[in-house]
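These figures come from a predicted structure and were not determined experimentally. The sequence lines fix the lettering, A, B, ..., with proteins before strands; numbering per chain opens at 1.
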2 protein chains.
Amino acid sequence: MATIKDVAKLANVSTATVSRVLNSNGYVNHSTKVRVNESIEKLNYRPNDVARSLFKGRSKMIALFVPDIMNPFFPELARAVEDMTNRHGYTFVLCNTDDSIEKELTYFNALQQKSVDGIIVVSSSITNNYLDTIDTPIIALDRKLSSSLPSVTVNNRVGAREAVRHLKATGCKRIAHLCGPDSVSNTTQRMRGYLDEVKDTEWFLSSYIASGEYNFEKAMEATTALLTAHPEIDGIFVANDVMGVGALKAAEALGIHVPNELSIIGYDGIALGNTTTPSLTTMAQPIYEIGTRAAEMLIKQINDPSHRPKNEELSVRLIERQSTKARR
Amino acid sequence: MATIKDVAKLANVSTATVSRVLNSNGYVNHSTKVRVNESIEKLNYRPNDVARSLFKGRSKMIALFVPDIMNPFFPELARAVEDMTNRHGYTFVLCNTDDSIEKELTYFNALQQKSVDGIIVVSSSITNNYLDTIDTPIIALDRKLSSSLPSVTVNNRVGAREAVRHLKATGCKRIAHLCGPDSVSNTTQRMRGYLDEVKDTEWFLSSYIASGEYNFEKAMEATTALLTAHPEIDGIFVANDVMGVGALKAAEALGIHVPNELSIIGYDGIALGNTTTPSLTTMAQPIYEIGTRAAEMLIKQINDPSHRPKNEELSVRLIERQSTKARR
DNA sequence: ATGAAAGCGCTAACAC
DNA sequence: GTGTTAGCGCTTTCAT
């Protein structure tokens with residue numbers, strides 16, 4: 001690999017001049033600029049980013065922490081973040097945390113040693129006082145972490161209410177809820193939205209709420225238990241699509257027809273919901289947009305550290321598919 | 001961030017000595033070692049990886065090129081590669097290429113400027129003579145690229161034969177094939193396996209082969225067309241699971257019962273195949289192992305550049321689920 | 001066993 | 001306009 005010295009020598013100028021044309025920085029005569037560019041071309045010179053990073057203290061890298069990229073909610077998010085960071089010349093680092101605080105801290109350290117410019121985080125476990133330690137810009141995604149940390153989320157509670165209302169509108173009389181893990185803030189929000197709609201009805205029972213841990217198999221088990229214990233249930237608001245598909249499968253295994261006997265609505269709007277028969281009605285998050293916005297906010301903050309981004313809340317929207325249907 | 005100088009000063013030694021204890025390199029007196037470690041502790045010192053990289057010319061980073069992480073085959077692969085690279089202290093960079101040669105080249109350049117230590121590539125487009133340009137270790141995955149490039153793949157042709165034989169064994173008399181895009185080497189291999197089994201039968205027609213481009217929607221369309229044109233088809237060997245699920249959905253939309261009237265077998269063994277009803281019988285690749293092996297091979301080659309890894313071919317295995325069933 | 005110093009490749013004062 | 005040089009933080013000869 002040719003270095004800036006080689007270019008300087010070939011063009012008969014100093015390295016400073018080469019650096020100037022490289023960065024379009026300061027004055028440089030047109031003719032010498034041409035000469036330098038020719039030399040760059042001839043040597044197929046590419047500046048060494050590591051040397052640049054060392055000098056600048058910044059690396060042009062952005063990292064994304066997700067619990068597990070194998071969870072189908074995250075690839076689209078990752079894709080969005082990668083696209084946007086790329087567009088701004090950043091390299092994209094992906095970190096699977098398994099929701100483990102140890103892994104998160106290990107990653108944080110490693111990335112700081114590499115002068116990573118910023119981090120986007122889907123996490124439930126990072127503590128507030130640890131974050132104060134760090135001066136690397138961070139944006140929280142999908143789950144709120146702390147008030148001090150800028151975040152991009154959706155209106156979970158409102159969306160949940162809308163989901164339950166949709167079930168009511170299609171004629172459901174007994175509506176259950178399959179929720180996520182306690183530790184995650186959006187679990188609480190979505191459950192609140194559900195309760196907003198049902199807690200004052202005469203039929204509501206606390207045993208209509210079951211946890212599926214945002215997990216396909218767990219959701220199947222929970223749904224089976226739920227429908228067995230409460231055959232009267234004719235609608236389920238499921239807190240994410242992965243579990244929604246699990247619920248679908250459980251109902252079919254029990255011989256309960258969806259949507260004729262049971263309506264199911266999910267949350268997230270991932271592609272998976274479209275692959276089943278019946279396809280899954282859902283409250284769709286603008287996943288790609290969430291990732292895009294988070295990346296934009298982060299990049300803005302990187303370029304202007306004084307700029308403290310606000311929390312942003314995007315809206316979910318109902319996508320009606322085959323798992324819910326108006327009944328008489 | 002404390003630097004090595006700060007540590008040296010506090011411990012009353014030179015930076016060289018600190019470096020020695022840092023890297024367990026060369027002789028250093030036990031007592032001074034202790035003193036240095038205390039200083040490191042006290043200052044919460046972490047070595048600057050960028051400076052290290054600049055000196056060494058290596059960055060402790062490994063990149064993975066995939067066409068699109070939103071394609072459900074790739075998250076598991078990415079996860080495997082990340083786990084293994086992490087275990088060896090590497091940082092994991094993910095690049096979505098969209099199968100575009102321009103994007104691939106842009107990434108290659110960017111990564112080389114960052115002194116990336118090695119790259120794992122799922123690609124159909126990188127040219128042989130470009131690869132010769134590069135001295136960064138590279139491993140090809142899933143698709144063979146060139147004989148000169150070490151690769152990890154599966155026995156696609158044999159697996160395809162096995163898939164078709166499974167359909168025959170369950171009683172299928174007219175077996176069609178839904179294939180992937182021409183440009184991908186495993187499309188050809190899987191089709192060959194199919195042809196091995198059917199081309200000499202009296203019933204085989206070349207119009208029994210349709211392309212679904214490894215795409216869910218395209219596969220639905222192709223399947224609909226296929227089954228409409230050839231109602232006699234009672235088995236389909238589908239070249240990947242994403243298309244398999246599409247075929248399933250198309251059949252159901254046509255009112256054709258799977259597996260009673262039509263058997264469908266996919267390829268890949270991704271989790272998606274388990275979420276449908278009926279669940280999808282498939283030839284499962286050891287996806288995680290493929291990623292793991294590729295990462296291991298790459299790391300070995302990084303540590304010993306003279307070591308030229310061999311091509312490795314892993315085996316697929318049949319997973320019987322509900323979309324195929326013995327018929328009388 | 002330890003220190004001094006050169007150098008990895010680049011950028012940004014500071015001279016001229 | 002252009003060159004000289006110090007320095008980003010680290011590792012590694014080469015002395016001692």
Students often get this wrong, so: under 4.0 angstrom with heavy atoms, is T3(B) touching a base, only sugar-phosphate, or nothing?
sugar-phosphate
When the distance from CG of L43(B) to P of dG9(D) is rounded to whole Å, what number comes out?
14 Å
Return the nearest nucleotide to the side chain of N23(A); candidates are dT4(D), dC8(D), dT11(C).
dT11(C)
Does any donor-acceptor pair link the side chain of R46(B) with the base of dG9(D) at a separation under 3.5 Å?
no
Between P on dG1(D) and CZ on R35(A), what's the gap in Å once rounded to a whole number?
15 Å
In whole angstroms, the gap separating P of dC10(C) from CZ of F55(B) amounts to 16 Å
Could you check how far NZ of K60(B) sits from P of dC10(D), rounded to whole Å?
17 Å
Using a strict 4.0 Å threshold on nitrogen-to-oxygen distance, state whether R79(B) and D83(B) make a salt bridge.
yes
Contact under 4.0 Å: N25(A) side-chain N or O vs dA12(C) OP1/OP2:
yes
Between E296(B) and R293(B) (salt bridge meaning N to carboxylate O under 4.0 Å), is one present in this structure?
yes
Which whole-number value in Å describes the distance from L54(A) CG to dG7(D) P?
14 Å
Provide, to the nearest angstrom, the distance between the CZ atom belonging to R52(B) and the P atom belonging to dG7(C).
22 Å
Closest to the T17(B) side chain: dG3(C), dT11(D), dG1(D)?
dG3(C)
Hey, is D99(B) close enough to R143(B) for a salt bridge, meaning N to O under 4.0 Å?
yes
For D6(A), answer base if it contacts any base atom (sugar-phosphate contacts may also be present), sugar-phosphate if it contacts only those atoms, and nothing otherwise; contact means non-hydrogen atoms under 4.0 Å.
nothing
Taking NZ from K5(A) and P from dG7(C), how many angstroms apart are they, rounded to a whole number?
8 Å
For N29(B) and dG3(C), give me the distance from atom CG to atom P, rounded to whole Å.
11 Å
The side chain of V13(B) is closest to which nucleotide in this list: dG3(C), dG9(D), dC8(D)?
dG3(C)
Option passing side chain to side chain donor-acceptor pair (under 3.5 Å) with S100(A) (candidates E102(A), E104(A), K103(A))
E102(A)
R20(B) has a side chain; which of dC10(D), dG3(C), dC10(C) sits nearest to it?
dG3(C)
Tested for salt bridge (Lys or Arg N to Asp or Glu O under 4.0 Å) against D117(B), the lone hit among K300(B), R58(B), K56(B) is R58(B)
Go through dC10(C), dA12(C), dT12(D) for me and flag the one nearest to the S19(B) side chain.
dT12(D)
Does dT2(D) have OP1 or OP2 under 4.0 Å away from a side-chain N or O of T32(A)?
yes
Just to confirm, is there a sub-4.0 Å distance from OP1 or OP2 of dG3(D) to any side-chain nitrogen or oxygen of Y27(A)?
no
When we call it a touch if two heavy atoms are under 4.0 Å apart, what does V18(A) touch: a base, just sugar-phosphate, or nothing?
nothing
Give one of base, sugar-phosphate or nothing for D49(B), where a contact means two heavy atoms less than 4.0 Å apart.
nothing
Can you check whether S14(A) has a side-chain N or O nearer than 4.0 Å to OP1 or OP2 of dG3(D)?
yes
Should we say atom CG of N23(A) is surrounded by more than 12 heavy atoms from elsewhere, each under 6.0 Å from it?
yes
Output yes when at least one side-chain N/O atom of N48(B) is less than 4.0 Å from OP1 or OP2 of dC8(D), else no.
no
Could you check which of dC8(D), dC10(D), dA12(C) has an atom nearest any side-chain atom of K56(A)?
dA12(C)
